[in-house]
Amino acid sequence: MVTWNNLDTLASYQKLTTMKNRVNIVEAMSGENGAERVKRYSAPMAEGLTYNYAAKEIDDTILEQLAALAEEAQLVEKFEALYNGERVNTGENRMVLHHLARRQLGNDVVENGVNKRDFYAGVQAKAAEFANKVHAGEITNAADESFTTVVQIGIGGSDLGPRALYLALENWAKTNNKLKMEAKFISNVDPDDAAAVLKSIDVARSLFIVVSKSGTTLETLTNEAFVKNALTEAGLDPSKHMLAVTSETSPLAQGDDYLDAFFMDDYIGGRFSSSSAVGGVVLSLAFGPEVFADILNGAAEEDKLATNKDLLQNPDMLDALIGVYERNVQGYPSTAVLPYSQALNRFPAHLQQLDMESNGKSVNRFGEYVDYVTGPTIFGEPGTNGQHSFYQLLHQGTDITPLQFVGYKKSQIGMDVVIEGSTSQQKLCANVAAQIVAFACGKDDEDNNKTFKGGRPSSIIIGDQLTPRSLGALLAHFENKIMFQGFTWNINSFDQEGVQLGKVLAKRVLAHDTDGALKVYSDLLDI
């Protein structure tokens with residue numbers, strides 16, 4: 001039987017707290033010791049990826065204690081309960097089924113007579129059929145011209161994940177003749193966002209996907225109206241250019257305002273929705289349904305690893321618990337995600353929402369305040385750009401920030417040149433290898449300004465090449481990591497009450513129902 005207990009009530013955690021500063025990374029990663037660690041502290045992931053944690057402040061004793069924590073907290077059992085349809089989202093009394101959307105192992109989940117596995121598969125099949133018809137020229141505009149661009153209108157989880165995945169594969173698709181349609185994204189209610197996208201496309205040959213589960217998201221509905229106005233001014237019928245991704249009961253699902261509608265439900269939260277129609281429609285149109293299927297298959301293979309009770313063979317849970325050790329025992333407040341791949345340039349932004357909206361909680365699953373810290377601050381930027389931006393603080397700042405690198409042996413496009421004896425890709429990989437060791441080992445100097453103390457822990461996920469399947473595995477790894485951390489902290493990672501208050505107050509401002517400071521700020525902004 002699964003039980004839910006606060007982290008600080010677990011005996012295994014209490015023992016873990018006695019291991020603070022047990023490992024000196026400078027010593028552990030220097031010389032032959034470091035070489036042996038890099039070879040040994042590594043866990044295979046799906047699709048040829050590897051999670052290497054040699055530069056983390058751990059040793060075999062800490063790993064044994066983390067395994068004990070995983071067992072006492074029943075992390076794998078809680079994951080099993082989740083994908084078999086238990087209502088682990090206590091805040092909203094909902095199931096959490098984003099794994100089911102990518103054919104996760106487990107029981108069929110039936111709700112109100114609907115088999116949810118079949119429901120998600122049916123939506124994916126409908127999206128695939130629609131995309132194939134667009135690509136074949138069976139669905140065209142009023143002038144019988146093919147559609148060449150797809151624009152997603154959404155915010156938060158309706159934007160960040162799908163945008164990150166599209167950008168991650170855009171150049172791969174061009175290189176492999178898989179780019180069917182260019183994709184653009186409109187998210188910010190700032191009119192400059194929508195206007196810039198509209199000016200960059202041929203609206204007559206564009207499809208627009210309005211994504212809102214409730215059909216009431218202020219920013220999305222405002223941008224939808226903005227786009228509809230542009231289509232009307234161009235002499236076009238908006239209903240022949242617009243699609244909806246929404247729930248079956250939302251206002252967007254009613255009437256004839258859309259060329260077609262694709263449904264989602266309450267059991268896949270926005271930040272986890274890239275595996276659903278939220279990601280499936282736009283990515284199937286952009287790359288073809290087969291590519292989206294490969295993303296899902298890569299994610300499903302990583303999900304299978306997350307069911308392994310052996311911590312050292314479960315890279316998602318291992319990454320999660322090392323993070324708990326860093327946050328709750330070592331006391332580090334943030335984590336930097338540093339992909340050494342330009343294709344992943346929006347992946348850190350997606351992980352900011354995925355992690356901080358999920359685990360930015362101060363109450364447990366039962367609404368009681370916890371007496372320990374939970375989710376860290378997440379930030380990041382692709383290397384090598386970040387090296388010339390915020391790495392100064394990471395190397396020599398007063399706070400230690402754990403680092404999560406991602407690197408690939410091969411580029412996506414294959415275009416490269418040898419300069420001064422090495423290719424650009426080799427230079428990129430050389431930089432990430434150098435940074436890991438520099439952060440861990442540091443450098444002594446008589447001048448304190450030039451001294452690097454080292455002791456900055458990091459891990460790296462290494463792959464051969466960023467492809468749809470390896471991208472799916474990478475996405476699932478972080479989703480599962482965040483899930484396991486939420487289980488460990490005994491918080492609900494699947495609601496987001498913290499985003500609601502600002503929405504309520506904004507509506508009051510627009511209705512001119514304000515007083516006090518809210519009224520003065522509204523007046524200052526000429527609202």
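Contact detail for T220 and I155: the closest heavy-atom pair is OG1-N, 3.8 Å. Among all heavy-atom pairs drawn from A101 and I268, the shortest one is CB-CD1, 4.0 Å. Annotation for D303 and A476: closest pair OD1-CB, 3.6 Å, computed over non-hydrogen atoms. Residue A70 comes nearest to L321 through the heavy atom pair CB-CD1, 3.6 Å, listed as atom of the first residue, atom of the second, then distance. The two residues V26 and A440 have their closest heavy-atom pair at CG2-O, 3.4 Å. Smallest separation of non-hydrogen atoms from W489 and N328: NE1-OD1, 2.7 Å.
With no hydrogens or angles considered, a side-chain donor-acceptor pair links Q74 and T3 at under 3.5 Å. Residues E479 and H99 have side chains that never bring a donor and an acceptor to within less than 3.5 angstrom of each other. Using modelled atom types and a 3.5 Å distance limit, the side chains of E57 and Q330 yield a donor-acceptor pair. At a cut-off of 3.5 Å, with distance as the only test, no side-chain donor of N52 or Y41 sits close to an acceptor on the other residue. Side chain to side chain, N480 and D316 meet the donor-acceptor criterion of an N or O pair below 3.5 Å. Residues E381 and N385 bring no donor and acceptor atom of their side chains to less than 3.5 Å of each other. For the residue pair S493 and N359, a side-chain donor N or O sits within less than 3.5 Å of a side-chain acceptor on the partner. Side-chain N/O atoms of Q104 and R117 include no donor and acceptor closer than 3.5 Å. One side chain, T217 or S212, offers a donor N or O that lies under 3.5 Å from an acceptor on the other. With no hydrogens or angles considered, no side-chain donor-acceptor pair links D399 and Y332 at under 3.5 Å. Side chains of N297 and R103: a donor on one and an acceptor on the other come within 3.5 Å. No donor-acceptor contact under 3.5 angstrom links the side chains of S273 and S276, judged on distance only. For K481 and Q404, the side-chain atoms include at least one donor-acceptor pair closer than 3.5 Å.
Between F439 and F405, the ring planes are tilted. Angles from 30° to 60° get that label. Classified by interplanar angle (parallel below 30°, tilted 30° to 60°, perpendicular above 60°), the ring pair Y83/F79 is perpendicular.
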Pair E301-R469, side chain to side chain contact (heavy atoms under 4.5 Å, CB included): steps then yes or no: CA-CA 9 Å; E301 289 304 308; R469 293 185 71 103; 4.2 Å; yes
F262 vs F130, ring-ring contact (aromatic ring centres under 6.0 Å, His included): CA-CA, chis, key distance, verdict: CA-CA 10 Å; F262 304 87; F130 182 87; 5.7 Å; yes
From CA spacing to verdict: side chain to side chain contact (heavy atoms under 4.5 Å, CB included), S42, Y51: CA-CA 6 Å; S42 191; Y51 171 63; over 6 Å; no
Check against side chain to side chain contact (heavy atoms under 4.5 Å, CB included), K116 and D265: CA-CA 9 Å; K116 303 307 293 186; D265 59 25; 2.9 Å; yes
Test log, rule side chain to side chain contact (heavy atoms under 4.5 Å, CB included), inputs T9 and N5: CA-CA 7 Å; T9 68; N5 299 297; 3.5 Å; yes
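Looking at V363 and E368, their side chains never come closer than 4.5 Å, going by heavy atoms from C-beta outward. Side-chain contact between L105 and K304 is present, with heavy atoms from C-beta onward closer than 4.5 Å. Inter-residue side-chain proximity for M45 and I461 is flagged as met; some heavy-atom pair is nearer than 4.5 Å.
R456 CZ to L403 CG: the interatomic distance, rounded to the nearest 0.5 Å, is 9.0 Å. Taken from CD in E290 to CD1 in I295, the straight-line distance is 12.0 Å, to the nearest 0.5 Å. Atom NE2 of H350 sits about 11.0 Å away from atom CG of D159, to the nearest 0.5 Å. Annotation: the span from E64 atom CD to M19 atom CE amounts to 8.5 Å, rounded to 0.5 Å. Here L16 contributes atom CG and L10 contributes atom CG; the two are 10.5 Å apart, rounded to the nearest 0.5 Å. The distance from the CG atom of N314 to the CG atom of L305 is 7.0 Å, given to the nearest 0.5 Å.
Close placement of the W4 and F487 rings is indicated, their centers lying within 6.0 Å of each other. In this structure, the ring of Y408 has its center no less than 6.0 angstrom from the ring center of Y340.
Considering only residues two or more places apart in sequence or on other chains, A168 meets the side-chain contact (heavy atoms from CB on, under 4.5 Å) condition with L344, L466, L471. Remark: F287 pairs with Y166 by the ring pair (Phe, Tyr, Trp, His ring centres under 6.0 Å) rule, at least two apart or across chains.
Just one residue in the list F478, F494, Y267 forms a ring pair (Phe, Tyr, Trp, His ring centres under 6.0 Å) with F272, and that residue is F494. Remark: of the listed residues L338, V432, V406, V432 is the sole one forming a side chain to side chain contact (heavy atoms under 4.5 Å, CB included) with I460. Of the candidates N115, V109, L100, L296, L100 is the only one forming a side chain to side chain contact (heavy atoms under 4.5 Å, CB included) with Y120. D495 pairs in a salt bridge (Lys or Arg N to Asp or Glu O under 4.0 Å) with only one of the listed residues (R94, R365, K361), which is K361.
Using modelled atom types, no side-chain atom of K213 and backbone atom of F263 make a donor-acceptor pair closer than 3.5 Å. Proximity of a side-chain donor or acceptor of S470 to a complementary backbone N or O of T467 within less than 3.5 Å is detected. Between the side chain of Q313 and the main chain of A43, no donor-acceptor pair closer than 3.5 Å is present. Checking side-chain atoms of E302 against main-chain N and O of G472 turns up no donor-acceptor pair under 3.5 Å.
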